[in-house]
2 protein chains.
Amino acid sequence: MKTREKILLCSLDLFNERGERNVTTNHISAELAISPGNLYYHFRNKSDIIYELFQQYEQLVGYYLTTPEDRPLTVADMRGYLESVFDGLWSYRFLHRDLEHLLENDARLRQDYREFTGRCLDAINRIFEGLAEGGVIQSQPEELRQAMSLNVWLVVTNWMAFLKTAQGNNRQVEITKRQLKQGIYQVLTLEVPYLMPAYRGEVLALREQYRPELPLTMMEPAPA
Amino acid sequence: MKTREKILLCSLDLFNERGERNVTTNHISAELAISPGNLYYHFRNKSDIIYELFQQYEQLVGYYLTTPEDRPLTVADMRGYLESVFDGLWSYRFLHRDLEHLLENDARLRQDYREFTGRCLDAINRIFEGLAEGGVIQSQPEELRQAMSLNVWLVVTNWMAFLKTAQGNNRQVEITKRQLKQGIYQVLTLEVPYLMPAYRGEVLALREQYRPELPLTMMEPAPA
DNA sequence: CTATTATTAGAGTATATACTCTAGGGAGTC
DNA sequence: GACTCCCTAGAGTATATACTCTAATAATAG
């Protein structure tokens, strides 16, 4: 594998594990057993690495969130959206952590992220429309649907941060993918009151699959 | 005013304005025109300042969220809770920004914040119960109510962060209190489907008062 | 083989930042 | 006046971190 590619992969790993803030370019090069100079040959600076990872993320989520134009959406579709979006979130989870700091220091990222948010909100909105067409949820006025979409976005993008704060006494709180996916439970909670009778049971059963075992604020870090 | 108190007030101001991360102890002492040594005479370290500010915040919100035991809740109560909680959020908004980093570096804060979260979730839950008793919203099974409360918490605590990311092209995005309070609109959106007919109109009218003028992702920073 | 380009090493630097240390001023008390 | 206690000054330090610079080495093209 090319060094450049290795740097990206290694950076992503370290960022996800320890948080971008706690990973220096020296750490990255040390982990790869290359010199700092080498790293800076391939990337002008740390921001460029982050930006490129963000672009990967953007592309991935954009791909996940496409909606078919020729048919309404089903419960299976919805599940697919949730699963894949949370997968993406997991793979690039460092982004949604120190996000504010990242945006503060990179104008490109700031701009792109803003547009990305807009596209995602639109996509969520279209998914709600599709689900209404498919008879899964009630149709709602545009205004309400948009506000709902925004709430979905807030829950999805901040679920990880909540887990980290609500959990454990250790400095390095390790979140599992399973826990992250309990965010799906919270998103489906938002939909509960809008479910049509015909699909209510099915969606509630799906929701149960993501239910946390314990109330979240009582969760302790998994023993090592 | 005592120097100690001045340090707390000044720190809070600077933290809120520029973000905790961008404010050093040297900045604080410079702003106050005192020496760093002086600051460190009053506080052992930066974390101690933050921790004391957090305790103020905790107390404030704890006070805001108390529920009367002798009567059900009204729409006016609900409005009061939302207004005051968002006021508190505004006054200590730096806390909910770099929260993860703050918790990572202070075990006391980590522990306290976790308990604080638990208490807040309980309080939100009790408020929902009170509103159901008061006939404002439908009564819901415990499990659903808890998940709803958690969603409310997620929206409330992350609304500020969303505004900062969704808005403007400037490094230092200035959020107004008015914009922050649009978070109330989002919280009330969560309640819409549960409103009882008798109060539906009233709550929807209340909600309208917090409606953003523009779709949020199109919002530009206010011209200087 | 030679010339050129792409890649790598690794010591070194500029800057920032939380914090320390010593010395002393001012006000009240005996 | 001397003692004590609270408070203050401000130069200085240890450490971290993003990044640079020079030189050397592989890879490739002609």
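Labels below follow one simple rule: chain letters A, B, ... track the order of the sequence lines, proteins then strands, and each chain is numbered from 1.
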Rounded to the nearest angstrom, tell me the gap between atom NE2 in B:His101 and atom C1' in C:dT17. 12 Å
Taken to the nearest whole Å, CD/B:Glu5 to P/D:dC6 is 18 Å
Under 4.0 Å between a side-chain N or O of A:His42 and OP1 or OP2 of C:dT8? yes
Would you say the side-chain atoms of A:Gln56 and A:Glu52 include a donor-acceptor pair closer than 3.5 Å? no
Considering only C:dC19, D:dC19, C:dA9, which nucleotide approaches the side chain of A:Ile34 most closely? C:dA9
Between the side chain of A:Arg18 and the main-chain N/O of A:Val23, is any donor-acceptor distance below 3.5 Å? no
Which part of the nucleic acid, if any, lies within reach of B:Ala30 when heavy atoms closer than 4.0 Å are counted: base, sugar-phosphate only, or nothing? nothing
A:Ile49 CD1 to D:dA18 C1', straight-line distance once rounded to whole Å: 11 Å
Any B:Asn38 side-chain N or O less than 4.0 Å from OP1/OP2 of D:dC7: no
Is the shortest side-chain N/O distance from B:Tyr40 to OP1 or OP2 of C:dT20 below 4.0 Å? no
Would you check if the side chain of A:Asn158 reaches a backbone N or O of A:Leu154 as a donor-acceptor pair within less than 3.5 Å? yes
Listed nucleotide nearest any side-chain atom of A:Lys46, set D:dC19, C:dC19, C:dT17: D:dC19
Looking only at side-chain N and O atoms, does A:Thr25 come under 4.0 Å of OP1 or OP2 in D:dA18? yes
Looking at B:Ser35, I'd like to know whether one of its side-chain N or O atoms comes within less than 4.0 Å of OP1 or OP2 on D:dA9. yes
For B:Pro36 and B:Lys2, find the nucleotide of DNA chain D closest to each by heavy atoms; which residue's nucleotide sits nearer the 5' end? B:Lys2
Between the main-chain N or O of A:Ser91 and the side-chain N or O of A:Asn16, is there a donor-acceptor pair closer than 3.5 Å? yes
Using atom CG of B:Asn45 as one end and atom P of D:dT15 as the other, report the distance to the nearest whole Å. 17 Å
Rounded to the Å, how far apart are B:Arg44 CZ and C:dC19 P? 9 Å
When you measure from the side-chain N and O atoms of A:Thr3 to the phosphate of C:dT8, is any distance below 4.0 Å, counting only OP1 and OP2? yes
Parallel, tilted or perpendicular: which one describes the rings of B:Trp153 and B:Phe116, with boundaries at 30° and 60°? perpendicular
Are A:Tyr41 and C:dT8 close enough that a side-chain N or O sits under 4.0 Å from OP1 or OP2? no
Can you check the B:Arg21 CZ to C:dA16 P distance for me, whole Å? 15 Å
Any side-chain N or O of B:Thr24 less than 4.0 Å from the OP1 or OP2 oxygen of C:dA16? no
In whole angstrom, what separates B:Ile7's CD1 from C:dC19's P? 14 Å
Please state how far atom CG in A:Asn105 lies from atom C1' in D:dA18, giving the value in whole angstrom units. 12 Å
